[in-house]
Colleague: 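Below is the structure I would like to discuss, written out as structure tokens.
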Amino acid sequence: AARRKVDMFCEARNFFVDFSKISGGHGARKPQLGAQYLDFERGATFAPCSRTSSYRQDLFMPHHQRQMRAFEERAPPSWYRTVEETTYLLARDEDCENHFHATADHMNAFLVMTALGIPREEMRVVLWDKHPDGPYHDLYQHAYSPSFPIRRHTDYGGKVVLFKRLVFHLESPGAIIFPGVTKPLPMQCHSSTFYRAYRQFILSGMDLWDVKPPDGPRVVLSVRRRTPQKNVGRVLANEDELAAVLREGNAMQHEVLDMGAMSFRDQLRTVRGANILVGVHGAGLMHAIYMAEEGIVVELHPSYRQDRHFRHAARLSGKMYMPLRTTVRETCQGSSDNVRIPVGEFRAVMDGAVRLARSFDDGLAECGLVCPPAILGLDGRHAGAAAKDKALNTRFPCA
């Protein structure tokens, strides 16, 4: 699809919303593309102000266009309720259950809050779409709207409400998580101050900011597993073989996890304590943003994908990035695929990643996946009595 020439958010002061003229419920299932937006009758939004010659209906984001087409210029009614807190109308991406696409919404909301100087403690989030609550409801409540419960349009009981400050979301096509957002040139930034501020905003909101980094290499291998409800793609055909490679390592920790089966809070808590994140190209690698300060992202590329989304996320988050592309053609299970990663190449990549991670913080063990006791004994974090006895002699050998 052709990209918009302008991506924008809007702020309204003293706007009225007649909730009896808004329709669109949410259920347990994702709505079809194009049907995710709420519906507005004429006069659903109104205010005692007039459009100027600068008014451009076509500049509004898609959800906002629908609402403003129904806008009326008229006087206040005789009775209405007033809302003093800043209210943020969050119209989410059509794939808002996906961590990559959801991050676009989350990052854009943070950008808007920063631009408008809105403290999270003074803002209420209203889910302004027909999507199910989804996996990020806890995130919205704690990181974006800690002082006010999350609402839907139905929570206003069909009343007329005057909003002293209303903010319309910057929809996700304008997010800087997309590498192509800087076209025609590729984005070449590294360790973005905006990404780092966003990271702190999310982690502090979820009470996971002040977390001690791991004492040594800690690997999370993020995998996808099919369920009766969802035939997910990019499933590791040889997950057991890759897990066996990780078990070869010593003086390190690893976990093999299906993040899709965990709450978002538990996902954050897990990756916050990891300094090596490994996974097949997919949304779970957006957790690069939340890893330990010094971290490595290992992306396992299927033969057919050339997207650079997660290299982009790793670079802007100040993380090291190590790619591995399989040349083995994928096999299919219905409409989804199984990805086989060459074990020898995986072992070599993990040896390099672990070698780097052993030097993080105050680490002194200059070795890879399998670390000889003579070298491991030099690292004070492992220097028990037995380790010291086996440590390499570091005295200068010449007279």
Side-chain angles (χ1 to χ4, degrees), residues 1-2 4-27 29-94 96 105 108-109 112 116 118 123-134 140 145 148-174:
R4 296 168 52 86
K5 292 183 179 179
V6 177
D7 296 307
M8 62 183 288
F9 62 89
C10 291
E11 176 189 23
R13 300 275 184 165
N14 298 315
F15 261 39
F16 289 88
V17 177
D18 184 345
F19 285 93
S20 70
K21 297 184 176 182
I22 301 176
S23 58
H26 68 283
R29 301 191 59 149
K30 175 180 176 177
Q32 291 185 341
L33 179 61
Q36 73 268 28
Y37 298 122
L38 298 178
D39 301 303
F40 303 92
E41 297 177 24
R42 187 75 182 168
T45 307
F46 64 94
C49 59
S50 300
R51 296 175 178 87
T52 70
S53 59
S54 299
Y55 184 87
R56 290 271 305 277
Q57 176 76 29
D58 60 300
L59 290 182
F60 294 124
M61 298 299 279
H63 80 281
H64 197 187
Q65 285 193 24
R66 292 171 68 96
Q67 188 167 355
M68 292 308 292
R69 276 197 295 267
F71 178 80
E72 287 186 340
E73 305 167 9
R74 60 185 173 89
S78 58
W79 186 92
Y80 53 85
R81 176 187 163 194
T82 301
V83 169
E84 298 289 343
E85 70 266 14
T86 297
T87 302
Y88 193 99
L89 304 181
L90 179 59
R92 294 168 291 172
D93 186 273
E94 63 265 21
C96 61
D105 278 327
N108 278 1
V112 173
L116 296 179
I118 305 172
M123 189 174 88
R124 184 196 295 278
V125 171
V126 178
L127 299 182
W128 206 236
D129 54 47
K130 300 177 187 175
H131 289 296
D133 286 350
Y140 301 142
S145 187
F148 305 98
I150 306 299
R151 282 187 170 169
R152 296 273 189 169
H153 74 91
T154 50
D155 293 322
Y156 290 91
K159 306 296 185 184
V160 176
V161 179
L162 169 64
F163 290 93
K164 304 297 284 186
R165 191 183 195 190
L166 201 57
V167 179
F168 298 86
H169 181 52
L170 171 61
E171 283 187 66
S172 69

Colleague: Run the side chain to side chain contact (heavy atoms under 4.5 Å, CB included) test on W128 and T87 for me, step by step, so that the C-alpha distance in whole Å, both residues' side-chain angles and the decisive distance to 0.1 Å come before the verdict.
Modeller: CA-CA 11 Å; W128 206 236; T87 302; over 6 Å; no
Colleague: Supply the atom-to-atom distance E84 CD to K164 NZ, rounded to the nearest 0.5 angstrom.
Modeller: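 Here the interatomic distance stands at 5.5 Å.
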Colleague: Tell me the side-chain hydrogen bond (donor to acceptor under 3.5 Å, both in side chains) pairs involving residues 17-27, sequence neighbours left out?
Modeller: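 Checked against side-chain hydrogen bond (donor to acceptor under 3.5 Å, both in side chains) - neighbours excluded - the pairs reaching residues 17-27 are D18-S20.
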Colleague: To the nearest 0.5 Å, how far apart are CG in L162 and CZ in F46?
Modeller: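 L162 atom CG to F46 atom CZ measures 8.5 Å (nearest 0.5 Å).
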Colleague: Can you list every pair that meets salt bridge (Lys or Arg N to Asp or Glu O under 4.0 Å) and has a residue in residues 30-41, with sequence neighbours left out?
Modeller: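 Checked against salt bridge (Lys or Arg N to Asp or Glu O under 4.0 Å) - neighbours excluded - the pairs reaching residues 30-41 are K30-D95, K30-E97, D39-R66, D39-K130.
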Colleague: Do you know which of L116, V167, I118 makes side-chain contact (heavy atoms from CB on, under 4.5 Å) with M123?
Modeller: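 Among the candidates, only I118 passes.
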Colleague: Restricting to side chain to side chain contact (heavy atoms under 4.5 Å, CB included), what partner residues turn up for A47, sequence neighbours left out?
Modeller: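 With neighbours one apart ignored, the set is F15, C49, F71.
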Colleague: Checking R74 now: which residues fulfil side chain to side chain donor-acceptor pair (under 3.5 Å) with it, not counting sequence neighbours?
Modeller: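 Applying side chain to side chain donor-acceptor pair (under 3.5 Å) to R74 gives E72.
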Colleague: How far apart are the closest heavy atoms of M61 and M8, and which atoms are they?
Modeller: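 That would be CG-O, 3.0 Å.
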Colleague: Going through the distances and angles, do L90 and I150 end up as a side chain to side chain contact (heavy atoms under 4.5 Å, CB included)?
Modeller: CA-CA 10 Å; L90 179 59; I150 306 299; over 6 Å; no
Colleague: Suppose we screen for ring-ring contact (aromatic ring centres under 6.0 Å, His included). Which residues come up paired with F148, at least two apart in sequence or across chains?
Modeller: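 Checked F148 against ring-ring contact (aromatic ring centres under 6.0 Å, His included); zero matches.
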Colleague: With sequence neighbours left out, write down each residue that passes side chain to side chain donor-acceptor pair (under 3.5 Å) with Y37, or none if nothing qualifies.
Modeller: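 Per chain and number, Y37 pairs via side chain to side chain donor-acceptor pair (under 3.5 Å) with E171.
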Colleague: From N14 CG over to R165 CZ, what is the distance, rounded to the nearest 0.5 angstrom?
Modeller: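 Taking CG in N14 and CZ in R165, the distance rounds to 12.0 Å.
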Colleague: Return each pair, listed once, that meets salt bridge (Lys or Arg N to Asp or Glu O under 4.0 Å) where at least one residue sits in residues 153-162; pairs must be two or more places apart or across chains.
Modeller: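 Listed once each, the pairs would be none.
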Colleague: Output all residues satisfying side chain to side chain donor-acceptor pair (under 3.5 Å) with H64, sequence neighbours left out; order by chain, then residue number.
Modeller: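 For H64 there are no side chain to side chain donor-acceptor pair (under 3.5 Å) partners, ignoring immediate neighbours.
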Colleague: With a distance cut-off below 6.0 Å to the six-membered ring centre and an angular limit of 45° from the axis, does R69 pair with F40 as a cation-pi contact?
Modeller: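 No; the conditions do not both hold, so R69 does not lie above the ring face of F40.
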Colleague: Using atom types as modelled, flag every donor-acceptor pair under 3.5 Å from a side chain in residues 75-82 to any protein atom, sequence neighbours excluded.
Modeller:
none

Colleague: Ignoring hydrogens, what is the shortest heavy-atom contact between Y88 and A109? Give both atom names and the distance.
Modeller: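 Reported closest heavy-atom pair: OH-CA, 3.3 Å.
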Colleague: With sequence neighbours left out, what residues match F9 under ring-ring contact (aromatic ring centres under 6.0 Å, His included)?
Modeller: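 Per chain and number, F9 pairs via ring-ring contact (aromatic ring centres under 6.0 Å, His included) with no residue.
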Colleague: Distance-only, no hydrogens or angles: does the R124 side chain make a donor-acceptor pair with backbone N or O of P149 under 3.5 Å?
Modeller: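 Yes: the side chain of R124 pairs with the backbone of P149.
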Colleague: Kindly indicate, with the supporting measurements, whether the criterion side chain to side chain contact (heavy atoms under 4.5 Å, CB included) is fulfilled by L127 and Y140.
Modeller: CA-CA 10 Å; L127 299 182; Y140 301 142; 4.0 Å; yes
Colleague: With sequence neighbours excluded, what pairs up with R13 under the side chain to side chain donor-acceptor pair (under 3.5 Å) test?
Modeller: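 Only E11 meet the side chain to side chain donor-acceptor pair (under 3.5 Å) criterion with R13.
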Colleague: side-chain hydrogen bond (donor to acceptor under 3.5 Å, both in side chains): which pairs involve residues 43-57, sequence neighbours left out?
Modeller: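 Non-adjacent pairs meeting side-chain hydrogen bond (donor to acceptor under 3.5 Å, both in side chains): T45-Q67, R51-E73, Y55-Q57, R56-D58.
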Colleague: If the plane angle is over 60° it's perpendicular, under 30° parallel, otherwise tilted; pick one for F163 and F19.
Modeller: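 It falls in the perpendicular class, over 60°.
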Colleague: Considering non-hydrogen atoms only, spot the tightest contact between R92 and D105 and give its length.
Modeller: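 The pair with the smallest heavy-atom distance is CA-OD2, 3.3 Å.
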Colleague: Roughly how far, to the nearest 0.5 Å, is the CG atom of D93 from the NE2 atom of H131?
Modeller: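 Taking NE2 in H131 and CG in D93, the distance rounds to 7.0 Å.
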Colleague: Could you go step by step and tell me if N108 and H169 meet the side chain to side chain donor-acceptor pair (under 3.5 Å) rule?
Modeller: CA-CA 8 Å; N108 278 1; H169 181 52; 5.1 Å; no
